[in-house]
Each structure stands twice: as C-alpha cells, then as structure tokens.
Amino acid sequence: MTQENQPATPQDENQIIAERRTKLTELRTAGNAFPNTFRRDNLASVLHQQYDEHSNEMLEDDQIVVKIAGRIVLKRIMGKASFTTIQDMGGRIQLYISNDNTGKSTHEAFKHYDLGDIIGAQGRLFKTRTGELSVRVTDLQLLTKSLRPLPEKFHGLTDQEQKYRQRYLDLITNQEARRVFVIRSKVIQAIREFFVTRDYLEVETPMMHQIPGGATARPFTTHHNALDMPLYLRIAPELYLKRLVVGGMEKVFEINRNFRNEGISTRHNPEFTMLEFYEAYQDYCYLMDLTEKMLREVATKVLGTSQVTYQEQIIDFAQPFQRLTITQAIQKFHPEYTDAQLSDHNFLADKLQTLGVTIHTHDGVGGLQLSLFDETTEHLLLEPTFIIDYPAEVSPLARRNDNNPEITDRFELYIAGREIANGFSELNDPEDQAARFQEQVKAKESGDSEAMHYDADYIRALEFGLPPTAGEGIGIDRLVMLLTDSPSIRDVILFPQLRKQS
RNA sequence: GGGUCGUUAGCUCAGCUGGUAGAGCAGCGGACUUUUAAUCCGUUGGUCGUGAGUUCGAUCCUCACACGGCCUACCA
C-alpha cells in the first residue's frame, strides 16, 4: 500500500468515498488503521439464543461481559448516546454507546464511523425499554474502515445484475440471500451424511478429460501446454466412477462440478454441481427407493419439514413418488392418445411435426414418444414422479430391459415440471457398450455435435468386469432451487456466469 | 440464437409523448442519554448505459450497440 490515498479507479470515486478516504487517512495518522488484535468471544445469534428470554434485571444482576465484532448496518445517534446494530456471520445485535460508559472521546469517534465499517466491542448485556437484547459498550474499536457506501439499509440491493456480480453486497444486505446459501451448504452436508452412513466412499475424479464422456453435451475445450494436448472440461464423471466400481469401490459418490458449453438460462449455468453415486449389486428400482428416502431425509433435516413450497405450489416429499412409463405419463395428462397411436411411428412423427418439434430421421418409436413426452407432459409433472422405461436409443450407457431390449432399466425424476435426477441399471456388457459407442460415433460423424466419443479405455475396464451396478446423477443446483423456492439457478450459485461487464 | 421489458445520485425510485433533472436512504453540519427503517432543521452530490440521428433544443422521439431481467430454443 504505497499509494493509500490514490483511488484505484478515479472515475469510480464520488464524494462519499472521498469523505471516507479522508477518515482512513486520519486513522493511519493516528496509528494502525487495520489492526488485527481484537478477538471476539461471542456471536450475535448465540447471544440471542441464550439471553433473549432473560429479563433486564437478570442480565444486570449477572453482569455478563461479551466481546463481539461485526459490520455496522444501522446507526442512530442521539447526542450523548447512540445505538448501532452490527452484523456478524450468524445475525445482528444492537450496541449501546454512550458518554457514560465509553467516555466522551470514544463516543465522539463513533459518531464518525460509517455504515459498513467493521468494529469490535466489549460490554455488558442488558435489555432496552422495548426489550431488545443489547450490549452496553465499554470498549469500542474500529477494525476495518469501509470506503464504499452500502446499499440502502431498508430495501437492500434489488438490482439482479448487481446481486450476481457483487454477491458480497447481496450477502451483506439481504437476509434471504444468506438463507439460500446456508441451506445450499446444509443440503450438500445432508447428502454427504446420507451416503457416508451407508458406507459409500466419496471420491474426486478428473475434471479435465482427454475424452469427454458420460453424457450427451458439448464440452468446453482447453489445452495443456507441457503435454501439448487438448483437454475437455468434464461434462459428467460417470465413466470414471464406473471404472472405480470395476476397481472394487462398490459404493462410490462424487459431488462436484460439471461443465457444459451450452445455453445459459434460469435453469442452466455453464458450470453446475452434480451428485453422482454408484452401488454394485443393485438395480434402478433400488435407486428409486433410495432417492425417495434421500430427498425425504434431506428436506426434513435441512428445512424441518418434508413439505416445500415452490413458486406457490406445495411439494410433499413424504408422499410416495409416482412411477409412470413415458406413455403412461403422456396418457395421464392427455387421455386422447390411444395405445395404438403412441406406438405408431407415422402418427407420432405427424403429431410432432404439427407441434413444431424437429424430429431426427433415425428416431425410432421410443425416441418419438420421448419427444412427445418432453413437449406435452414434462412440465406438468409437479409432484415428484419417476418416469421409467427410457428407449435404448437415447440411453447409450444404460442396461437393456430383460423383457424388451428396445428399452432400458432407467428412470428420470421430475419435480415441479423439471428433471431433477437420472438413474439406471448400468450397462456392464462390454460388447454391447462397444456397439453403442460405435452408434454414437456414427451419429457424431453425421453431424450430432453432442453424440459421445468412443472411449476405448472405458471398454477395456468393462472387459475386466463391472459388477451389476446401479448409478444415478442428481442436479444439486436444481434441488437447492426447489428447497429454497428460488426461481433462477443464478439465485443458488454464488457467482453465476455473466457476460463481461461493459 | 429469437422475442420482449429495462438501464436516471453510492442505494431504492419519481420525472407530464421534447424546454439540459427530483424524492427517500446514505454523506456532511447542527439539536437530541433507551433508539430500532430513530426523529427534527440545514446542506453537498448527476456526462440521465454508450454512440449516432431528428430538432432551435433530447432523460423523453428514431436507429445502432453494450449489459441485465423475463419468455423461448439446445440442455441438467
């Protein structure tokens, strides 16, 4: 800090910042302007928990001395005494500063503190006339001078763009933003506990892949200089996790980021967090049971209830989740479709055409049914619903059904009209897998940029023997959206991807 | 990518289909020893997103661009 009085960006400066910069200069002259010797003993939230029920008489009798630190968020000066509210990681508490308790000079200095400054204080607990737990301050210290004015104290920050770009301001001023990210953390914690208590091993597999695989999506590309080799940011960890099951890690899970070079929307961020888990000697039916159990447990643990309200609609995780095939789901909401029509390639192709859906020439009946489902039914699945029996042609990594090789032992879970999870019995036949990779390569060559690559090492791993296994992926961001009633994925990602600021 | 709405003081927002801008909070000065979005008096602060165009004159009308919200497409 050799140029402490030089603004980093002069055009950004205004009168308020200049004023505060002058105060900082005075602090530097008076001594260490950024001391790091104050140690707090208490948190606002804990003090409220412990003492909100105590009467003022009890508090005065007990003479409870506390040391607390935080950011000034409110300030009320009344001549010879002042109140201020500070905010720490757990909440807010009011401080009472008066000439009687701190001496006049400390109180006078406090009057020049600004909203946003970070202070440390020591004093005794008491209750004000209106019954608010407060600290009667005897010692007060400015710990960090804040140079920039905070957003307005009552409305907070409302500009969506600024909330995303300057999340720290959102977190300082908006209680709701903090709530969302605390819940997010607890959700991940609860999921981790759920699997760890079931003897799953948490692992981390590569984020940089030589062959992007495990999903149909366009990857980000990068380059390793020393190896002079192209690399892809992973689109899914699936193939690595199944290699680990081959290696004997029979219950594994990973919670980590995936990257997909596709559109951005209220439901899509280029990097998003995914839970994937695999368990040997189980099938997709077991996964559906496990998923229900997990969501029920996570919701109850984190929110204290199995019922959540998402955008005005109540979702109850305690109710058994429905299980419908693709055609059953279509017919449930659109009974006008007959069984015969739904298995008629020409009918489906015509219907989709009139709905304006682009269909691929290689689509079979199963693919067309899925397109019709996506177009007409998906968004209507508000209560948690498993959709089962996905066509093999769109499930290149899933095991074929024993009774019908055209479909796979696979499900997707829909809640509030959107996909939350995707799971299946894993394809562990290396020759079938090799053939399906070949089909993907063919699709890629004929222009499908999202089709999969042929992963020879993965086939080799399967040839050593993947035990019969069930595996599933759950989009954590979308789950957190549900549990926090957030309309946009950007509201549950601390720093969502935005364009470069102009 | 397409459609649509928005961008005015540090923040939250007004601004009459055209005459170069206002309020509240924050700031500064003053009063006030239990306030709590403290109150009261006074006061500073603006390239009206950027760039063109129309006009005697543009925050306002036209066009382009930038960024963002929402809807939509690909997708999880």
Side-chain angles (χ1 to χ4, degrees), chain A residues 11-20 22-23 56 72-85 92-102 104 107 111-112 114-116 126-134 136 146-166 169 172-173 214-218 235-236 258-276 356-358 374-375 378 412-414 418-422 448-450 473-479 481 487-490 496 498-502:
Chain A
Q11 51 285 76
D12 212 23
E13 295 281 312
N14 63 33
Q15 195 187 2
I16 295 173
I17 296 175
E19 194 75 46
R20 292 185 177 205
T22 305
K23 290 180 183 175
N56 188 41
I72 298 175
V73 290
L74 290 170
K75 222 183 136 193
R76 295 174 288 278
I77 294 171
M78 299 170 303
K80 299 187 183 64
S82 298
F83 284 96
T84 184
T85 301
R92 296 181 167 192
I93 193 160
Q94 176 169 270
L95 309 183
Y96 177 71
I97 300 151
S98 69
N99 288 359
D100 292 347
N101 297 295
T102 62
K104 192 174 178 190
H107 185 222
K111 290 182 182 178
H112 296 285
D114 293 297
L115 294 184
F126 76 109
K127 276 200 169 174
T128 62
R129 259 176 219 162
T130 49
E132 177 161 351
L133 185 71
S134 309
R136 183 178 282 115
S146 170
L147 294 178
R148 291 178 180 270
L150 287 181
E152 205 245 6
K153 64 189 175 190
F154 185 61
H155 299 91
L157 192 63
T158 63
D159 182 69
Q160 283 297 340
E161 181 176 1
Q162 213 174 340
K163 280 160 71 84
Y164 298 148
R165 288 192 197 276
Q166 292 175 267
L169 284 182
I172 290 170
T173 49
T216 50
R218 287 163 63 191
I235 53 175
N258 288 346
F259 307 85
R260 297 192 183 173
N261 203 344
E262 287 164 353
I264 294 179
S265 76
T266 47
R267 292 181 197 79
H268 301 86
N269 195 62
E271 52 181 306
F272 61 101
T273 302
M274 187 90 161
L275 158 72
E276 284 204 14
V357 180
T358 48
D374 287 343
E375 182 67 21
E378 176 183 324
E412 289 194 353
L413 173 63
Y414 288 87
R418 42 187 81 160
E419 187 191 335
I420 292 292
N422 175 19
D448 183 353
S449 60
E450 292 183 356
I474 296 182
I476 296 296
D477 311 277
R478 288 186 177 178
L479 179 60
M481 284 170 70
S488 170
I489 198 168
R490 290 180 207 109
L498 298 176
R499 271 178 217 275
K500 214 164 51 173
Q501 209 163 7
S502 57

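The structure displayed is predicted, hence computed values, not measured ones. First the proteins, then the strands, lettered A, B, ... as listed; each starts at 1.
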**Q.** Selected nucleotide, minimal atom distance to Asp159(A) side chain, candidates U12(B), U35(B), G27(B)
**A.** U12(B)
**Q.** Donor-acceptor pair (no angle test) under 3.5 Å: Arg76(A) side chain, U34(B) base
**A.** no
Q: Output the single nucleotide from C32(B), C74(B), G69(B) whose closest atom is nearest the side chain of Met78(A).
A: C32(B)
Q | A38(B): pairing nucleotide in any strand, Watson-Crick or G-U under 3.5 angstrom | A | none
Q: Using the C1' atom on both, measure U43(B) against A23(B) and round to a whole Å.
A: 15 Å
Q: Any strand is fair game: report the nucleotide pairing with G1(B) by Watson-Crick or G-U wobble, both distances under 3.5 Å, or none.
A: U72(B)
**Q.** CD1-CE distance between Ile474(A) and Met274(A), expressed to the nearest 0.5 angstrom
**A.** 8.5 Å
Q | Closest listed nucleotide, where the reference is the side chain of Glu450(A) and the choices are C74(B), G10(B), A37(B) | A | C74(B)
Q | salt bridge (Lys or Arg N to Asp or Glu O under 4.0 Å) involving Arg136(A) - partner list, sequence neighbours excluded | A | Glu60(A)
Q. Among C70(B), A26(B), G1(B), which is the nearest nucleotide to the side chain of Arg490(A)?
A. C70(B)
Q) salt bridge (Lys or Arg N to Asp or Glu O under 4.0 Å) with Arg20(A): which residues, sequence neighbours excluded? A) Asp114(A)
**Q.** Whole-Å C1' distance, C5(B) and C11(B)
**A.** 22 Å
Q. Toward the 5' end of RNA chain B, which comes first, Lys80(A) or Gly156(A), by nearest nucleotide?
A. Gly156(A)
Q: Kindly point out which of G27(B), C71(B), C32(B) is positioned nearest to the side chain of Thr266(A)?
A: C71(B)
Q: Could you pull out all residues at least two apart from Lys75(A) that satisfy salt bridge (Lys or Arg N to Asp or Glu O under 4.0 Å)?
A: none
Q | Separation of the C1' atoms in A9(B) and A26(B), to the nearest angstrom | A | 11 Å
Enumerate all atom pairs, one protein N or O and one N or O from nucleotides 39-42 of chain B, separated by less than 3.5 Å.
none

Q) What distance, rounded to whole Å, do you find between the two C1' atoms, one in U8(B) and one in C40(B)? A) 29 Å
Q | Partners meeting salt bridge (Lys or Arg N to Asp or Glu O under 4.0 Å) with Lys153(A) (sequence neighbours left out) | A | none
Q. For C65(B), which nucleotide in any strand shown is its Watson-Crick or wobble partner with both distances under 3.5 Å?
A. G49(B)
(Q) Any N or O donor-acceptor pair under 3.5 Å from the base of U33(B) to the side chain of Tyr96(A)? (A) yes
Q) Under the criterion side chain to side chain contact (heavy atoms under 4.5 Å, CB included), which of Thr84(A), Thr128(A), Leu74(A) is the partner of Gln94(A)? A) Thr128(A)
Q | Watson-Crick/G-U partner (both atom distances under 3.5 Å) of G27(B) | A | U43(B)
Q) What's the closest nucleotide to the Thr158(A) side chain, out of U34(B), U12(B), C71(B)? A) U12(B)
Q. Taking for each residue the nucleotide of RNA chain B bearing the nearest heavy atom, is the 5' side occupied by Val357(A) or by Phe83(A)?
A. Phe83(A)
Q.
If you only use heavy atoms from C-beta on, which nucleotide in C28(B), U33(B), G10(B) is closest to the side chain of Ala81(A)?
A. U33(B)
**Q.** Among A38(B), C67(B), C70(B), the one nearest Leu74(A) by side-chain distance
**A.** A38(B)
Q) Does any donor-acceptor pair link the side chain of Glu161(A) with the base of U7(B) at a separation under 3.5 Å? A) no
Q | Distance between C1' atoms of C60(B) and U54(B) (Å, rounded) | A | 13 Å
Q. Below 3.5 Å, does any donor atom in the side chain of Asp100(A) face an acceptor in the base of U33(B), or the other way round?
A. yes
**Q.** A58(B) versus C71(B) - spacing of their C1' atoms, nearest Å
**A.** 32 Å
Q) For the side chain of Asn14(A), counting heavy atoms from C-beta on, which of G10(B), U12(B), U33(B) is nearest? A) G10(B)
**Q.** With sequence neighbours excluded, residues passing side chain to side chain donor-acceptor pair (under 3.5 Å) with Ser82(A)
**A.** His107(A)
